[in-house]
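Throughout, protein chains are lettered first and strands after them, A, B, ... in sequence-line order, and every chain is numbered starting at 1.
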2 protein chains.
Amino acid sequence: MRVRLEDVARKAGVSPKTVSRVLNDEANVTDATRERVRAAMEAMDYRPNPSARSLAGHRSFVIAMLYDNNDNPASTYLAEVQDGVLEACDAHRYSMMLRPLRMRDSDFIRRVDALIADHHPDGVVLTPPITDYAPLLKRLRELGVPYASVSPARRGKILGVAMDEQQAARAMVEHLIEQGHRRIAHVIGIANHGASRWRLAGYREAIAAAGLSEDPAWVVQGAFTFASGVEAARQLFALRKRPTAVFAANDDMATGVMWAAGEYGLKVPRDVSVCGFDDTPLSRQLWPALTTIQQPSREMGKIAAEQLLTHLRGQGSGRLVDIPFSLQVRGSTGVAPKDT
Amino acid sequence: MRVRLEDVARKAGVSPKTVSRVLNDEANVTDATRERVRAAMEAMDYRPNPSARSLAGHRSFVIAMLYDNNDNPASTYLAEVQDGVLEACDAHRYSMMLRPLRMRDSDFIRRVDALIADHHPDGVVLTPPITDYAPLLKRLRELGVPYASVSPARRGKILGVAMDEQQAARAMVEHLIEQGHRRIAHVIGIANHGASRWRLAGYREAIAAAGLSEDPAWVVQGAFTFASGVEAARQLFALRKRPTAVFAANDDMATGVMWAAGEYGLKVPRDVSVCGFDDTPLSRQLWPALTTIQQPSREMGKIAAEQLLTHLRGQGSGRLVDIPFSLQVRGSTGVAPKDT
DNA sequence: ATGAAAGCGCTAACAT
DNA sequence: ATGTTAGCGCTTTCAT
């Protein structure tokens, strides 16, 4: 039969409750007994039964990761975040469960309610773009379910992790300006996503700071997809006054821009510089490789989950961790062409 | 407080055990009582407590999805399979948990043991390439943990889902032959993956059936990545006797081949036809769009999980479901160039 | 076809 | 600092 907590207690010569205390890192156990109990657990390869723990302790040791599978960021982004969350959960002996949602659906909140009622996660991790869906946040607070966010649009007294995307976007555009570019275009991501707004704001900030005029024709709406990048770039390259550099709000769109450059017979970076945002695996596989902003998605998922777990353990209350960006300059950007 | 099974029993005027029987679809309940109990559950919005069910019933209502995150297929593939598994689990009120593994690591089996000991999944879903890792299958049988496989290399008395990839690859190459191609190259996937072997075998079968000779120089090793596709294509396009068509073992490599074609000034499909396998989202975003084999990954994940769940419920024992492939002819393949 | 009693493995609340 | 008791919400086993 399986080893139970009671068996460990007998072996260590203590009561079950003491073993329970050790298991849960509670106070009021002398170091000596703690050690003895730990040794017994180790020796017997004791594995606590999560169902029994949940039932008696009113906690599930489960955290749920919520994401939008309708219009989400690139699926590779979510996979990486998920990987990080999973790693943090494993380290703390929690389980992770996934909950795809559709922000647009009318039963969004009902689906969340069902998740809580059915599985009682001890907390949830929110990913963009649902990090900022007010009705969700409100409901979670009503239900008393703690949450941590990855890249929330609003900061404040929130658990989670964020990068200064606006600053990063600005740095990206400043890099282009340093290379002599004056006609710099931007391809926007899905409207209303925090990411889209910040990256656009950073672009504008850099343009303004350099005293360049912002030509409306050089700011084109995209949708975070390769195809939308191609479309956007076709508009840009058809202009009489063609931009010499294009900053796309993510790598997939930037890849589309490079593709379109090929269609127009433009060499990257000789005729046009292209850069993106995210540092997806694809960005390194292209030739020339894409200049982009590294966003450590996996790490961010891990940190968000860790903040949540810290909060759950009541050890300090957790916080919004700021993570630095890093500009990856690669072959797709270069000095501006002499003239036109 | 929460509604418990006992509350439902009282409301329906039966014993707790009867409610339990209804909950678990057990026999020995008259239709009338069953209906009455169901109505009470509905009216009270009863949600069984999974921990209590697990503890008393010795089942976890959890199934684990195992995957290799070392050299796995494209991450979008796994995300889709995962999505399907999740859907099936939800429908049956099971939870899904994820378990990334590294097939090469020495503690592979220990990690599996830990998963079972810590979480007691009622069953596991295996994804390529670990569907065919013999030590794993052996251990799972020893532990008495049922499993279902997505695209296992070996058929036989196995639960899961599979597509005839060899047949699909053959159909792909036959399509090229019909277009007049005679010099057809193949870029192989990661060695030893079932997928790589089948696709190569299908290629050879078609070549042989058409009475064409197989030139060793036209069969190049790749690794399922975009970059490996670029590399492989460079070798092919540098040949004096250049192939007029390239069949890559997946879409990522095919995309690499198209990229390399651009480098060599070759127009697709005028100068060279390119095709892939998987029908990833990317394949439709390219221009020209990629001719490929549609593999319904999401559906396959769902079916595998359903087979497993059917088996767990003891309703029929589940089987290996064969799923049809479909050839997606798009712009990247066309008639062979006149000559060279 | 239905029910009563016992207990799954752990922790909360209250001793000591 | 440690132990005792009761019980978490369900299913099992065994009656009836």
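- A sub-4.0 Å separation between OP1 or OP2 of C:dG9 and a side-chain N or O of A:Asn49 is absent.
- Of the candidate nucleotides D:dT2, C:dA4, C:dC10, C:dA4 has the atom nearest to the side chain of B:Ser15.
- The base of C:dG3 is paired with the side chain of B:Arg21 by a donor and an acceptor separated by under 3.5 Å.
- Look at CG on B:Asp122: it is 13 Å from P on D:dT11, rounded to the nearest Å.
- Close to C:dC10, at under 4.0 Å from its OP1 or OP2, lies a side-chain N or O of A:Tyr46.
- Between the side chains of B:Asn24 and B:Arg53, a donor-acceptor pair is found at a separation under 3.5 Å.
- Using a 4.0 Å cut-off between a side-chain N of Lys or Arg and a carboxylate O of Asp or Glu, A:Lys138 and A:Glu142 qualify as a salt bridge.
- OP1 or OP2 of C:dT2 sits under 4.0 Å from a side-chain N or O of B:Thr30.
- Atom CG of A:Asn28 and atom C1' of C:dA12 are 15 Å apart (whole Å).
- Remark: P of C:dA1 and CG of B:Asp31 are 10 Å apart, rounded to the nearest angstrom.
- Side-chain atoms of B:His120 and A:Arg2 form a donor-acceptor pair, as typed in the model, at a separation below 3.5 Å.
- At whole-Å resolution of the value, CZ in B:Arg4 and P in D:dT11 are 14 Å apart.
- Looking only at side-chain heavy atoms (C-beta outward), A:Val81 and A:Val125 stay at 4.5 Å or farther from each other.
- In this structure, CZ in A:Arg47 is found 4.5 Å from CG in B:Asp118, a value given to the nearest 0.5 Å.
- If you check every strand for non-hydrogen atoms under 4.0 Å, B:Pro48 touches sugar and phosphate atoms only.
- If you take CZ of A:Arg36 and P of D:dA1, they are 15 Å apart, rounded to a whole angstrom.
- C:dA4 atom P lies 12 Å from atom CD of B:Glu6, rounded to whole Å.
- For the residue pair B:Ser54 / B:Ser51, no side-chain donor-acceptor distance below 3.5 Å is found, with atom types taken as modelled.
- By the 4.0 Å N-to-carboxylate-O rule, A:Asp164 lies too far from A:Arg155 to be salt-bridged with it.
- Side-chain N/O atoms of B:Ser20 include none lying less than 4.0 angstrom from OP1 or OP2 on D:dC10.
- The CZ atom of B:Arg10 sits 12 Å away from the P atom of D:dC10 (whole-angstrom rounding).
- Dashed line: the shortest gap from a side-chain N or O of B:Thr18 to OP1 or OP2 of C:dG3 is under 4.0 Å.
- A:His120 places its NE2 atom 15 Å from the P atom of D:dC8, with the value rounded to the nearest Å.
- Side chain A:Lys17 to base C:dA12: a donor-acceptor pair is found below 3.5 Å.
- A heavy atom closer than 4.0 Å to some atom of DNA chain D occurs in A:Leu55, A:Ala56, these being the qualifying members of residues 50-57 of chain A.
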